[in-house]
Amino acid sequence: MYERKQWQAIGLRALVAAMALTVAMSLLAQDAVPADAKDEAKSEPMSYDKARRAAEASLRLHPGTDSQYDYRPLWAGNADLDGDGRPEIIYLYTATQSGGTAQQPNELVVMTPLAEGDVRVQAASPGKSAYDDETYALIRASGYADDAAVHIPGEMETITMDGDRIRVTFNSTRNSKLCVRGKVTCPAEGQHAWVYRWTPGKLTRAE
């Protein structure tokens, strides 16, 4: 009886060792991928889900208030805006606005890949807030952080990219909270197509 249990224990240890070896070999195989293959992977199209998850992670930095909450992306995509072979993430977000006359968020954002030691993903006081620590961990895991943003003064209809240009088609209405008339200059009512040019740290409207 003792001998059978001993052989069972030996068999179990052998199975665990074999599984560990399989995992190790898999990791080594990944590390052994040729550099040119890794470069090809960088240029592969990014999925919509990945772009949206990166945007959602970044929006956790807006915890919200009683009158403005539920920050969420309305659209997400990606394009290589600067031609360096790595895509930037582009997204448009809003938030629920209740009461008051404040302008409702409707921001077009460009996210760029993180660099080593990127200050954009460093919490001001690490360890002080579990929520903040988790948020920055999610942003680091996404590999991207916000770089530039601009307000879109109307309800978005389409967003397209061409080179370093981002074309936003939107509809402006008189009573929209996306542009509070009398407080800021709003475009005329109707459909508009505005083109923005992205440079690091800035989104500029191209006339």
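The structure displayed is predicted, hence computed values, not measured ones.
With S125 contributing its side chain and K128 its backbone, the two residues share no donor-acceptor pair below 3.5 Å. Side-chain atoms of N106 come within 3.5 Å of backbone atoms of G154 as a donor-acceptor pair (strictly under, hydrogens ignored). In this structure, D133 contributes its side chain and A130 its backbone to no donor-acceptor pair below 3.5 Å. Without hydrogens or angle criteria, R52 side chain to P73 main chain gives a donor-acceptor distance under 3.5 Å. Using modelled atom types, one side-chain atom of R120 and one backbone atom of D146 make a donor-acceptor pair closer than 3.5 Å. In this structure a side-chain-to-backbone donor-acceptor pair under 3.5 Å is present from D80 to G83. The main-chain N or O of R174 is found under 3.5 Å from a side-chain atom of R181 such that the two form a donor-acceptor pair. Between the side chain of H151 and the main chain of L178, a donor-acceptor pair closer than 3.5 Å is present.
Heavy-atom neighbours of E56 CD from other residues, nucleotides or ligands within 6.0 Å: above the threshold of 12. Environment of CG in D49: crowded, with over 12 heavy atoms of neighbouring residues, nucleotides or ligands closer than 6.0 Å. For D84, the CG atom is densely surrounded, since the number of other residues' heavy atoms within 6.0 Å is greater than 12.
D147 and W198 are linked by a side-chain donor-acceptor pair at a separation below 3.5 angstrom, with hydrogens and angles left out of the test. Side chains of T96 and R72: a donor on one and an acceptor on the other come within 3.5 Å. Side-chain N/O atoms of T158 and R167 include no donor and acceptor closer than 3.5 Å. For the residue pair R140 / Y136, no side-chain donor-acceptor distance below 3.5 Å is found, with atom types taken as modelled.
Here the straight-line distance linking atom CG of N171 with atom OG of S176 works out to 9.0 Å at 0.5 Å rounding. With values rounded to the nearest 0.5 angstrom, Y91 atom OH is found 4.0 Å from S58 atom OG. Between the OG atom in S67 and the CD atom in Q97 there is a gap of 6.0 Å [rounded to 0.5 Å].
Looking at residues two or more places apart in sequence or on another chain, you find a ring pair (Phe, Tyr, Trp, His ring centres under 6.0 Å) between Y71 and H62.
In terms of heavy atoms, A54 sits closest to I89 at CB-CD1, 3.6 Å. Across every non-hydrogen atom of V180 and Q103, the tightest pair is N-OE1, 3.6 Å. When all heavy atoms are compared, the tightest approach of R86 to P113 is NH1-CB, 3.9 Å. What you find for S142 and K50 is that their closest heavy atoms are O-CE, 4.2 Å.
The only member of D164, N78, D82 that meets side-chain contact (heavy atoms from CB on, under 4.5 Å) when paired with E88 is D82.
Clustering ILVMFWY residues whenever any of their side-chain heavy atoms sit less than 4.5 angstrom apart, transitively, puts L74 in the very cluster that holds L203. In the hydrophobic clustering of ILVMFWY residues, with side-chain heavy atoms under 4.5 Å counting as a link, V109 and Y196 come out apart. Cluster annotation: I159 is not connected to M111 through the hydrophobic network of ILVMFWY side chains, with a link wherever side-chain heavy atoms come within less than 4.5 Å. The same ILVMFWY cluster, assembled from side-chain heavy atoms under 4.5 Å apart, contains both L81 and I152. In the hydrophobic cluster analysis, where Ile, Leu, Val, Met, Phe, Trp and Tyr join through side-chain heavy atoms closer than 4.5 angstrom, V110 is grouped apart from M46.
Side-chain contact between I139 and L61 is present, with at least one heavy-atom pair separated by less than 4.5 Å. Taking 4.5 Å as the limit, some side-chain heavy atom of S98 sits within range of a side-chain heavy atom of Y69. Counting heavy atoms from C-beta outward, T160 and T169 have side chains that stay 4.5 Å or more apart. Looking at C179 and P187, their side chains come closer than 4.5 Å, going by heavy atoms from C-beta outward. At a threshold of 4.5 Å between non-hydrogen side-chain atoms, the residues T94 and L92 do not count as touching. Side-chain contact check for V168 versus L108: some heavy-atom pair is nearer than 4.5 Å.
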query = Is there a side chain to side chain contact (heavy atoms under 4.5 Å, CB included) between I166 and I90 once you walk through the steps?
reply = CA-CA 9 Å; I166 305 169; I90 303 96; 4.1 Å; yes

task = Show your working on side chain to side chain contact (heavy atoms under 4.5 Å, CB included) between V150 and E107 and close with a plain yes or no.
result = CA-CA 5 Å; V150 66; E107 315 304 305; over 6 Å; no

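Under the 6.0 Å distance and 45° angle rule, R60 counts as a cation-pi partner of Y131.
Ring centroids of W194 and F170 are separated by less than 6.0 Å, placing the two rings close together.
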